[in-house]
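Letters A, B, ... are given to chains in the order of the sequence lines, protein chains preceding strands, and every chain is numbered from 1. Side chains included, hydrogens not; waters and symmetry mates left out as well; all remaining heavy atoms used.
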Amino acid sequence: MTFWLIKSEPTAFSIADLANSKNKTTCWDGVRNYQARNFMRDDMKLGDVAFFYHSSCEPAGIVGIVEIVREAYPDDTALDKHNKHFDAKSDPKSPRWFMVDVKLKRKLKRTISLAELRQYEQRALKDLLLLRKGNRLSIMPITKQQWDFILSIE
DNA sequence: GCCAACGTTGGC
DNA sequence: GCCAACGTTGGC
């Protein structure tokens, strides 16, 4: 089982939006970065869990926990001309972009902000990809140790 | 709104 | 294959 962190800008799709979705489940579409896609397509498995992270907002931070309830399948928004994530170079016969379905397990009792996570960047969260300088990855694996530690400070 | 950091594109 | 130009991300 792998642990993950997935980012979303709450103005685009927030934890509240997920809570209000049917079955508290949504398809995680719109990922247009190869590294993030590869993680999702190749390594995200049914039953894996992920932290839901709000980016580009105040405060940015971890706000909830989701579970992967469907493994990777083609992201058809790439083929939809009217979708903002349309990709003219994506070939329907050989899909370039993928998505998974995630279901809300629970909201955290409080937001664990980026600033708070940074307090541990020399120690328990030393290797957390999120804290690496210039990191822009929207889907990243985290270790069980990091997962457990973050939950312990909730 | 700014801008550093990064990924992608495309000319050569 | 190199790398400049460009677009995007995301914290501040």
Side-chain angles (χ1 to χ4, degrees), chain A residues 2-21 26-44 48-66 68 71-102 104-143 145-147 149-154:
Chain A
T2 310
F3 299 86
W4 302 94
L5 182 146
I6 61 177
K7 293 182 190 171
S8 180
E9 296 188 21
T11 52
F13 190 83
S14 71
I15 189 101
D17 293 328
L18 179 57
N20 291 329
S21 299
T26 188
C27 55
W28 203 256
D29 61 6
V31 173
R32 296 291 181 268
N33 168 280
Y34 288 104
Q35 200 181 352
R37 178 205 67 181
N38 292 348
F39 279 135
M40 198 164 51
R41 185 190 60 188
D42 304 335
D43 301 322
M44 263 192 177
D48 283 358
V49 286
F51 284 132
F52 191 117
Y53 178 90
H54 277 172
S55 64
S56 294
C57 62
E58 185 52 46
I62 296 170
V63 293
I65 297 174
V66 300
I68 311 307
E71 292 182 6
Y73 60 106
D75 178 352
D76 51 17
T77 65
L79 303 174
D80 176 2
K81 225 172 268 188
H82 304 294
N83 192 284
K84 70 184 264 220
H85 300 297
F86 175 66
D87 175 10
K89 292 182 182 158
S90 190
D91 174 2
K93 294 194 210 83
S94 169
R96 174 187 294 204
W97 303 114
F98 289 80
M99 57 188 176
V100 297
D101 287 355
V102 302
L104 181 66
K105 288 194 73 156
R106 68 176 179 89
K107 293 186 190 178
L108 294 195
K109 295 174 204 137
R110 61 187 188 85
T111 298
I112 302 178
S113 71
L114 180 61
E116 183 173 356
L117 294 171
R118 284 214 183 282
Q119 294 173 14
Y120 305 99
E121 74 177 316
Q122 304 301 326
R123 307 184 62 176
L125 301 180
K126 172 159 60 69
D127 299 315
L128 189 66
L129 290 174
L130 180 74
L131 301 180
R132 230 167 39 187
K133 187 181 169 105
N135 167 67
R136 291 165 41 180
L137 201 53
S138 64
I139 293 183
M140 66 187 74
I142 76 176
T143 67
Q145 288 74 18
Q146 291 162 348
W147 178 273
F149 177 79
I150 291 167
L151 279 184
S152 78
I153 61 174
E154 179 187 4

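- Around atom CZ of A:Arg132, no more than 12 heavy atoms belonging to other residues, nucleotides or ligands sit under 6.0 Å away.
- The shortest side-chain heavy-atom distance between A:Tyr53 and A:Leu114 falls under the 4.5 Å cut-off.
- Of the possible polar contacts, one joining the A:Glu154 side chain to the A:Lys109 backbone as a donor-acceptor pair under 3.5 Å is found.
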Using a cut-off of under 3.5 Å, enumerate the N/O to N/O pairs linking the protein to nucleotides 6-10 of chain C.
{"from": "C:dT8", "atom 1": "O2", "to": "A:Arg136", "atom 2": "NH1", "distance (Å)": "3.4"}
{"from": "C:dT8", "atom 1": "O2", "to": "A:Arg136", "atom 2": "NH2", "distance (Å)": "3.1"}
{"from": "C:dG10", "atom 1": "OP1", "to": "A:Lys7", "atom 2": "NZ", "distance (Å)": "2.8"}
{"from": "C:dG10", "atom 1": "OP1", "to": "A:Arg136", "atom 2": "O", "distance (Å)": "2.9"}

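- Protein atom CG of A:Leu131 is 12 Å distant from nucleotide atom C1' of C:dG11, rounded to whole Å.
- In this view, A:Tyr34 and A:Arg96 satisfy the side chain to side chain donor-acceptor pair (under 3.5 Å) rule, not counting sequence neighbours.
- Remark: A:Arg32 engages A:Asp75 in a salt bridge (Lys or Arg N to Asp or Glu O under 4.0 Å) (not counting sequence neighbours).
- Distance, A:Leu117 CG to C:dG11 P: 11 Å, rounded to whole Å.
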